[in-house]
Each structure stands twice: as structure tokens, then as C-alpha cells.
Amino acid sequence: MLIVIILTGIALVLGVLIYFVNKLVPHKVKGVEKTEEIAGILPGINCGACGHPGCFAYAQALTKNADLILKTPCTVVLQDTEGLERLEKALGVTLDASEMSRKALIHCNGNSEVIYNYSGVGTCKAAAQLLRGYKKCPYACLGLGDCVKVCPQGAISIKPENGVAVVDPEKCTGCGLCLAECSQNLIELVPAGTKIAFLCNYAPLRDIPGREKCDA
Ligand code: SF4
Ligand code: SF4
Ligand code: SF4
């Protein structure tokens, strides 16, 4: 009799275990499949602009919370009509790419004259340490390309005629990685459709004696 009771107890415990395993495992498998589906749509360049260490980590976060894409979108996929459609379907959300897209803009398009020969480390960061750079305008783009080096799309170049950085809006995906690189704080993300922008950061209130705005 005791054996029958023990066996019945074991059978009951096993039954309960099997029930929960059946309930939980399919969810996990579905979650993994969804993450893989989303990761397959994301660009895979791991730029980190979405605030995650890479595309797969972002896909995992989107699997848990699809609305995250509205707060921290992958700006690269916003430029890809087909990818965007697939992502909308996978996440069950509607995204207005024209509203959400951003492009980098550099607030200097000047021709400030060079006031001393700089021969230090060839980065804007290093050059800016010395009297805010070697151009007469202390807010000028120093043209040593710190931003160029970090752009994953190759969207920034230095114009040879004035040694100032310029963004190609066709290539820029608005990832924002260049912003933190500019020691002159010249780069801003603006709505993709922006037609009019002020391309100068000169501020008389922050003027430095002996330094001047260029005539741009
Ligand atoms: S005045 Fe404006 S446009 Fe000219 S160099 Fe300075 S920041 Fe650039
Ligand atoms: S220009 Fe800046 S914002 Fe645009 S793609 Fe390059 S790094 Fe990203
Ligand atoms: S925009 Fe900023 S980081 Fe880029 S070249 Fe000019 S000063 Fe350097």
C-alpha cells in the first residue's frame, strides 16, 4: 500500500514538472526565434548608436520590449525601406521613418585663417588643447578629422578648400557617433528634412580677446 502511495506521489510531482516545462520552454524558444528574426533584419554593423553593445543585444532588448524602437531607434534601419517594413512586421509597430530620421550637421563652414603652425598630435582633440586651436576663430572646425575616423558610413570628409568637415546627407544614417568626437562641439543631429541651418557656432559672448569670427 505504501509503495502505491509513494509511486502515485512521484507520478503527481512528475506530472506537475512536465506541465511547467511544457508551458515555459516554448516561450523561451519563441523568444530566441524572435530575437534571431529581428537580428537578421538589423544592419549588423554593431555601431552602438541604439545604446546597446551591438545589433544582437538590441534585438534581444526589442524582443522584450518592442516599443523601445520608438525611444532609441536603430537609425541605420530607418534608411532601409525594405528592412524597415520587415522590422515593423516583426515588432508589430508602425514607424514613421521621415519623422524619426536624423542627419549630422556641422556648425562651421568658414574660412578662418590659421594663426600659428600646429605640429602636435594630429587630432582635433589634441589641437584644441592649445589656445582652442590654431585658427583665428576659436570655434572653427580644426579639420583634423576626429569625426571622419569614427563615422561607420564614411559620410564625413574634409573640404580641401577651407579645411572644414562636411557631412554627406545621402550617406549619414544619423547614428550620432561623431558627436562626442568633436572637441569643438560643432556636430548636431537635426531632423533629416532640415533645409535651413545656421552653419556657424561663433558666440560673441564667449569671445576670446584677439580671436575673431571669420567672414563666412
Ligand atoms: S566664425 Fe563660424 S563659420 Fe567661421 S570659422 Fe568660426 S565657427 Fe566656423
Ligand atoms: S556623420 Fe555622424 S551621425 Fe552620420 S553616420 Fe557618420 S558618425 Fe553617424
Ligand atoms: S567637426 Fe569637429 S571633429 Fe570633425 S574635423 Fe571639425 S573639429 Fe574635428
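Since the structure is predicted, the reported quantities are computational estimates derived from the model, not experimental observations. Atoms within each ligand, like the ligands themselves, are counted from 1 in listed order.
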**CA sep, side-chain torsions, deciding dist, call: Gln184, Cys108, side-chain contact (heavy atoms from CB on, under 4.5 Å)** = CA-CA 10 Å; Gln184 302 291 75; Cys108 177; over 6 Å; no
Could you check [atom] against the protein and tell me its nearest heavy-atom contact, residue, atom and distance included?
{"atom": "atom 2 (Fe) of ligand 3", "value": "Cys182 SG, 2.4 Å"}
{"atom": "atom 5 (S) of ligand 3", "value": "Gly145 N, 3.5 Å"}
{"atom": "atom 7 (S) of ligand 3", "value": "Leu142 N, 3.3 Å"}
{"atom": "atom 6 (Fe) of ligand 3", "value": "Cys141 SG, 2.4 Å"}

Compare all side-chain heavy atoms of [X] with those of [Y] and state whether any distance is below 4.5 angstrom.
{"X": "Cys147", "Y": "Ile187", "value": "yes"}
{"X": "Leu91", "Y": "Ile69", "value": "yes"}
{"X": "Ile156", "Y": "Ile106", "value": "yes"}

**Asked** So if you build clusters from Ile, Leu, Val, Met, Phe, Trp, Tyr with side-chain heavy-atom gaps below 4.5 Å, do Leu68 and Phe56 land together?
**Response** no
**Message:** Hydrophobic clustering (ILVMFWY, side-chain heavy atoms < 4.5 Å, transitive) - are Leu131 and Leu142 grouped together?
**Reply:** yes
**Asked** Short list, please: which atoms of ligand 3 are under 4.0 Å from a heavy atom of Gly143?
**Response** 5 (S), 6 (Fe)
**Prompt:** From Cys147, does some N, O or S atom reach closer than 2.8 Å to atom 4 (Fe) of ligand 3?
**Reply:** yes
**Side-chain (Lys135) to main-chain (Cys141) donor-acceptor, under 3.5 angstrom** = yes
**Request:** For the pair Thr35 (side chain) and Gln60 (backbone), establish whether a donor and an acceptor sit closer than 3.5 Å, ignoring hydrogens and angles.
**Result:**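 No.
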**Request:** Output, by chain and residue number, all protein N/O/S atoms separated from atom 4 (Fe) of ligand 2 by less than 2.8 Å.
**Result:**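 Protein N, O or S atoms closer than 2.8 Å to atom 4 (Fe) of ligand 2: Cys172 SG.
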**Message:** Other residues, nucleotides and ligands only: do more than 12 of their heavy atoms fall within 6.0 Å of NZ on Lys125?
**Reply:**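 More than 12 heavy atoms, drawn from other residues, nucleotides or ligands, come within 6.0 Å of this atom.
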**Prompt:** Within Cys124, is some N, O or S atom less than 2.8 Å away from atom 8 (Fe) of ligand 3?
**Reply:** yes
